[in-house]
There are 2 protein chains.
Amino acid sequence: MTIFIDRLIGAIQEKNTPCIVGLDPALDRMPKSWLKHQGITPKSSIVERAEAIYQYNLMVLDAIADLVPAVKPQSAYYELFGSAGIIALEKTIMAARDRDLLVILDVKRGDIASTATAYAQSYLPSEPKRPYAADAITIVPYLGTDCLDPFFQEAIQWGKGIFVCVKTSNPGASIIQEQKINHRYLYEIVADLIKSAADQSIGESGYSGIGAVVGATYPEAAIKLRQQLPRSIFLVPGVGAQGGGNEGIKACFNPDGLGGVVSSSRAIMYPHLYGSEDTNRDTIRQAAIALIAQVQDILTT
Amino acid sequence: MTIFIDRLIGAIQEKNTPCIVGLDPALDRMPKSWLKHQGITPKSSIVERAEAIYQYNLMVLDAIADLVPAVKPQSAYYELFGSAGIIALEKTIMAARDRDLLVILDVKRGDIASTATAYAQSYLPSEPKRPYAADAITIVPYLGTDCLDPFFQEAIQWGKGIFVCVKTSNPGASIIQEQKINHRYLYEIVADLIKSAADQSIGESGYSGIGAVVGATYPEAAIKLRQQLPRSIFLVPGVGAQGGGNEGIKACFNPDGLGGVVSSSRAIMYPHLYGSEDTNRDTIRQAAIALIAQVQDILTT
């Protein structure tokens, strides 16, 4: 079986874009007309609401499946509906797979030892038939090496991917991630902890699925991290709603034009919130095409 | 409605112990005879396995409900079974509540802005009827202030609790948490970020539900953090299986004998793995009574 990173790089080359679409289905961002059409009212049950977020995702998936290599569901928006939401997440992952999209599940988990292994096995199981089996997940490194290592071990063993939150795009991250220790930032120390697992898991594509989340809002950090982890794949949020800069996006990529995936969620999922008259399959598709062109432009100039 | 921290302190005083029981139901730790009796075989479906972990929890809850103030389900062991596992978690939370136990859900979530709010609303909802409504959750601070603040805001608004992982008990944590910045450890800087929210949310008990996870394995850290956050409640794992020291446990408490909850999971849930001949309601109860006596001993000498 081809491992995650090689499938991802292959899909990026085939579809000619590193853009991926975040699936953050929030009922309060969806068009009122769409919710009405689905029969969602303030009295709708949690099961009905969870089914609505799945139906919304289907509209998004159908609009963008042939355009992008992967989708990134954000787990919080599904967990909000308890088990009904997790059913919606499982169905979303299956629907993405049916459309040949890779699934990077944004769960930002972080725990230690056997608990970390349980999380890894939850989302990156060895049996591909488990419905909620993602291809890669995000994790948070605050608990140190005995948090990171079990995740790396499971991912490498089963050919999956891990994106460690190294330097995130939010302004409040600096109070932790930019603390200076002997002239180096904490995020550089975190990157050190990834390097060995990344070096041991380079695929035929020349890249490793042991990667990092690197915000586009900090170009200097991206430049440093790209040098420090030259073969790791970077997940770059902060485009669109989070206002990532062009310079930062570019810095996450190598001269070969590869090395990153650029994620956008709200600007694709909810065009009516970003200047479009309506949100439907066509306007979602147009928003994705616009993002792809924008990122292409950034990476080639 | 009485807020979480006041209910917790009240329950600690009523039951005369700060010990809580972790609910980490792992099939491979359960007695083979018990699994056989439940009809669990290697061919059992994921739904059957998830139901078995719930049934195991019921045995544990019935054994310990009158002894301890709270339980701490570890989410990873439920997520392992996808939506079926979350149903088991929801039912476990309801069963704990029915037995007048507070529920500290160990999810170690961490994300930013609206996503952080979505996580907080998932597990600490304003509507008490949502089945997976916990009383408090654990979170991870690597994403900084715009991760912490939305959680604090929701928790304070709805009278819930938050335990920020400040200094965890695992050996690999030091590479992050003990980095020194201007003669202070990173975990002290994290504690700074909690202090203001903790000070603003002190209940009638004199304590705040904006608390910290502090491992018993590092007494010096516990002493510092107890001084830095005198009114915050500390969640102290590292007892039993994780081998926390007596000195570290003691340091997490104030001279009034309050300020911490001490969690033990495996040593209570699986007595047959810790020298007992069998695991059943009686031996689980005996293990809990032994832990309570041990912690009482530590705190009074």
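When reading the values below, keep in mind they use all heavy atoms of this one structure, side chains included, and skip hydrogens, waters and symmetry mates. To find a chain, count down the sequence lines: A is the first, B the second, and so on, and within it residues start at 1.
- Proximity of a side-chain donor or acceptor of Asp146(A) to a complementary backbone N or O of Gly172(B) within less than 3.5 Å is detected.
- A donor-acceptor distance shorter than 3.5 angstrom exists from the side chain of Gln177(A) to the backbone of Tyr142(B), with no hydrogens or angles considered.
- Of all the listed residues (Gln179(A), Lys180(A), Gln121(A)), the one sharing the greatest number of non-hydrogen pairs under 4.5 Å with chain B is Gln179(A).
- When heavy atoms are compared at a cutoff of 4.5 Å, Lys108(B) approaches chain A by way of both its backbone and its side chain.
- More than 12 heavy atoms of other residues, nucleotides or ligands sit less than 6.0 Å from atom CD of Gln157(B).
- Residue Ile86(B) comes nearest to Gly82(A) through the heavy atom pair CG2-C, 3.9 Å, listed as atom of the first residue, atom of the second, then distance.
- Few gaps surround CG on Asp98(B); more than 12 heavy atoms of other groups in view lie less than 6.0 Å from it.
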>> For Arg109(B) and Val140(A): C-alpha separation, side-chain torsions, deciding distance, then whether side chain to side chain contact (heavy atoms under 4.5 Å, CB included) applies.
In response: CA-CA 9 Å; Arg109(B) 296 298 189 263; Val140(A) 173; over 6 Å; no
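- For Ile46(B), the part sitting under 4.5 Å from any heavy atom of chain A is the side chain, from C-beta outward, and nothing else.
- Heavy atoms closer than 4.5 Å to chain A are found in both the backbone and the side chain of Ser75(B).
- Looking at Ile189(B), only its side chain comes within 4.5 Å of chain A, counting heavy atoms on both sides.
- In terms of heavy-atom pairs under 4.5 angstrom with chain B, the leader among Val107(A), Asp111(A), Thr168(A) is Asp111(A).
- The nearest pair of heavy atoms linking Ala76(B) to Ser122(A) is O-OG, 3.8 Å.
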> Could you go step by step and tell me if Val190(B) and Ile176(A) meet the side chain to side chain contact (heavy atoms under 4.5 Å, CB included) rule?
Replying inline: CA-CA 8 Å; Val190(B) 171; Ile176(A) 306 281; 3.6 Å; yes
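- Between chain A and the options Thr117(B), Thr138(B), Val166(B), heavy-atom pairs under 4.5 Å are most frequent for Val166(B).
- Glu79(B) touches chain A through backbone and side chain together, each having a heavy atom under 4.5 Å away.
- Between the side chain of Asn170(B) and the main chain of Ala113(A), no donor-acceptor pair closer than 3.5 Å is present.
- Proximity to chain A is limited to the side chain of Arg29(B), based on heavy atoms less than 4.5 angstrom apart.
- Ranked by heavy-atom pairs shorter than 4.5 Å toward chain B, the options Asp149(A), Leu89(A), Ile175(A), Leu148(A) are led by Ile175(A).
- Of the atoms belonging to Tyr78(B), not a single heavy atom falls under 4.5 Å from chain A.
- When side chains are defined from C-beta on, Tyr119(B) does not count as touching Leu80(A), because their heavy atoms never get closer than 4.5 Å.
- Here Gly144(B) is the residue among Ala84(B), Cys147(B), Gly144(B) with the most heavy-atom pairs under 4.5 Å with chain A.
- Ser114(B) and Tyr77(A) are linked by a side-chain donor-acceptor pair at a separation below 3.5 angstrom, with hydrogens and angles left out of the test.
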